[in-house]
Amino acid sequence: MRDAERRNMPLFPIGIVTRLTELTPRQIRYYEKQGLIYPARTKGNQRLFSFNDVDRLLQIKSYLEKGINIAGIREMLKQSQEIKEARKEAEKAKRELSERELRRMVKRQLIYPDRPGKIPLTHGEFSRFFRH
DNA sequence: TTTCTTACA
DNA sequence: TGTAAGGA
């Protein structure tokens, strides 16, 4: 199991979260209503919070203590989310680039194999198998 | 027992 | 934001 999955597992009922964050259930429910968090629900409609939810609540709490209002916090969380996604995109682009580089390397290797006795393919022959 | 929603002296 | 009511 990956770390990201582990951190997003719905695990804690609100009572545990109140002790973890020292926020009241009232506050936690209010922040949810304000769109700051979105905990999962059980079949019985009870909230279940993940590690990420708890971290987010702690983040919200610290912002509140610094005098930032709900609207401001919503913006900050939204922006940090956007930054997160932008980073993800950048990583993806980077991986795709190395995929291309890898393909080029494989091409060269196939066209000019070091293996003795192997007859090199011409670029034209090779290209018929690797076009993109 | 715990949590849920709604509503307000 | 606290708290009461009434149900799950």
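Letters A, B, ... are given to chains in the order of the sequence lines, protein chains preceding strands, and every chain is numbered from 1. If you're wondering where the values come from, they're calculated on a predicted model, not measured in any experiment.
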- [ ] Go ahead and write out DNA chain B as dot-bracket, 5' to 3': ( ) for pairs within the strand, [ ] for ones crossing earlier pairs, | when the partner sits on another strand, dots for unpaired; Watson-Crick or G-U wobble, both distances under 3.5 Å.
- [x] .|.|||||.
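- Contacts of A:Pro25 with the nucleic acid, taken as non-hydrogen atoms under 4.0 Å apart, are absent.
- Between the side chain of A:Arg47 and the backbone N or O of A:Pro13 there is no donor-acceptor pair closer than 3.5 Å.
- Atoms CG and CG, on A:Asp55 and A:Leu20 in that order, are 9.5 Å from each other to the nearest 0.5 Å.
- Side-chain contact between A:Gln27 and A:Lys61: absent, with no pair of heavy atoms (C-beta onward) separated by less than 4.5 Å.
- Backbone-only contact: A:Arg47 has heavy atoms under 4.0 Å from sugar-phosphate atoms and none from a base.
- Taking NZ of A:Lys66 as the reference point, atom OH of A:Tyr63 lies at 7.0 Å (rounded to 0.5 Å).
- No more than 12 heavy atoms of other residues, nucleotides or ligands sit less than 6.0 Å from atom CZ of A:Arg104.
- On the nucleic acid side, DNA chain B contacts chain A at distances under 4.0 Å to non-hydrogen atoms, with the end points of that region at B:dT3 to B:dT5.
- The OG atom of A:Ser50 sits 9.5 Å away from the CD1 atom of A:Ile37 when rounded to the nearest 0.5 Å.
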- [ ] Begin with the C-alpha distance, continue with both residues' side-chain angles, and end with the deciding distance and a verdict on side-chain contact (heavy atoms from CB on, under 4.5 Å) for A:Leu48 and A:Arg41.
- [x] CA-CA 6 Å; A:Leu48 278 187; A:Arg41 295 287 182 132; over 6 Å; no
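- Under the 4.5 Å side-chain criterion, counting only non-hydrogen atoms from C-beta, A:Met76 is in contact with A:Ile68.
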Open item on the list: Each nucleotide in nucleotides 3-8 of chain C should get exactly one letter: B, S or -. Can you fill that in based on protein heavy atoms under 4.0 Å?
Closed with: B-----
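- Between C:dT1 and A:Thr24, no contact under 4.0 Å exists linking OP1 or OP2 to a side-chain N or O.
- For the atom pair CZ (A:Phe51) and CG (A:Leu11), the distance works out to 6.0 Å, reported to the nearest 0.5 Å.
- Distance check, rounded to the nearest 0.5 Å: CZ of A:Phe49 to CD of A:Glu32 gives 6.5 Å.
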